[in-house]
Amino acid sequence: MSDRPNVYAGVPLDRAALRRKNEAWLTEAWHSPDARILPVWQSRSFVTGPADAARVVLVPAGAALEAVPIFLGLLDEAPIFAVDLSILESPETLPALQDLGRFEDLRSVGPLMPEDEAALCAYARGMAWWNARHRFCGVCGAPAASAEAGHVRICTDPACATHHFPRTDPAVIMLVHDGGDRMVLGRQSRFPPGMHSVLAGFVEPGESLEEAVIREVREEVGLTVTDVRYQSSQPWPFPSSLMLGFTARATSFDIETGQDELESAHWYDRAMLRDLVPSEEFRLPRRDSIAHRLVAEWIAAG
Ligand SMILES: [Zn+2]
């Protein structure tokens, strides 16, 4: 198993979390000539270059933007902020952004970007998304104001004053094998044509990761699994997941689908997958996904 981070992990910043509470430092950083901004617009990232080799744009002069800054961290010594410009109709025409780039969905350009830049965009996207969807207190319904440079939202009703923190939703993703040369791949109806992937699902309250793996496999394909082993994890801010990758060994082998979102699932041989030529009829998940890595490492291990 390799130690390389999965795509969207490996943000090249010192998150400098202790600075988030320091108002004076943050104000100075925001106005500093070294400050760089990652604009986000309707969950899209600001990039330049061709779609198959996009580069992130770090915009100077953030103070020229009328936006609530979200402090992401330090790149070398330079403070890096995200700003969400979603309320604007066409932010590309702002003087601070003009001719520098365009807004693209990270899901299209991310897999082909330099990995540290894709990770930066993912972090900015995730923070902007969380802030945009937590403008009101979930306890009492009063407005919730941004604090600690966008890393907390505090209810503005003094009688409530609940602090809300950015959420990451854990999801398990698991390669089910038979202990030999077969593994399970399935198809959801929402998948692109031909794509087959490993099983996945969200962790529920009151459940360990291992229990979530066992439950999801049973729900999706009717198999019993054991030997649940952690492999790696991947931030997946589309919109707010953390994918936790596992392998699990089946102790029953008759697949039953139709209970849940899977339209089909089957056992596949290692040799067939190793020699696979991707086609419209059958292909594996995209290369930036932890699903691809789980399958690739299992094939290589045999
Ligand atoms: Zn409240």
Side-chain angles (χ1 to χ4, degrees), residues 8-9 11 13-31 35 37-46 62-74 79-89 91 94 103 105-107 119-172 201-209 211-212 233-244:
Y8 306 122
V11 171
L13 298 181
D14 169 3
R15 292 189 183 225
L18 298 178
R19 301 286 197 191
R20 294 172 191 160
K21 290 181 197 277
N22 188 335
E23 288 290 338
W25 185 89
L26 288 165
T27 303
E28 196 179 312
W30 176 241
H31 290 91
I37 314 303
L38 274 92
V40 179
W41 179 69
Q42 297 182 358
S43 282
R44 291 167 177 249
S45 306
F46 197 53
L65 294 167
E66 296 272 332
V68 180
I70 301 168
F71 176 60
L72 298 181
L74 297 167
I80 308 294
F81 294 89
V83 295
D84 188 348
L85 302 175
S86 296
I87 57 163
L88 302 177
E89 201 143 300
L94 289 172
F103 287 93
D105 189 340
L106 188 60
R107 280 171 295 193
L120 260 184
C121 290
Y123 178 24
R125 186 190 202 279
M127 289 301 297
W129 189 90
W130 175 77
N131 272 281
R133 277 154 189 78
H134 292 80
R135 294 182 300 126
F136 295 91
C137 176
V139 178
C140 75
S146 176
E148 297 188 19
H151 291 262
V152 185
R153 295 189 77 89
I154 302 175
C155 176
T156 53
D157 180 343
C160 175
T162 301
H163 287 47
H164 301 274
F165 296 94
R167 288 194 47 153
T168 298
D169 302 322
V172 289
F202 284 105
V203 181
E204 296 189 350
E207 188 174 53
S208 72
L209 299 176
E211 288 169 333
S233 64
Q234 180 179 40
W236 195 251
F238 308 111
S240 59
S241 297
L242 174 67
M243 306 302 290
L244 297 140

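Start at 1 and go down the list; that is how both ligands and their atoms are numbered.
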Original post:
What about Phe46 and Trp41, are their ring centers closer than 6.0 Å?
Top reply: no
Subject >> Any donor-acceptor N/O pair, Arg125 side chain to Ser43 backbone, under 3.5 Å >> reply: yes
Subject >> Pair Asp169, Ser240: side-chain N/O donor-acceptor within cut-off below 3.5 Å >> reply: yes
**OP:** Calculate, to the nearest 0.5 Å, the distance between atoms NE2 and CZ belonging to His151 and Phe165 respectively.
**Re:** 12.0 Å
**OP:** May I ask you to decide if Gln42's main-chain N or O and Ser86's side chain share a donor-acceptor pair within less than 3.5 Å?
**Re:** yes
Original post:
Taking the six-membered ring for Trp, are the ring centroids of Trp25 and Phe71 within less than 6.0 Å of each other?
Top reply: yes
**OP:** Check the Zn ion (ligand 1) and write out every protein N, O or S atom at under 2.8 Å, as residue and atom.
**Re:** Cys137 SG, Cys140 SG, Cys155 SG, Cys160 SG
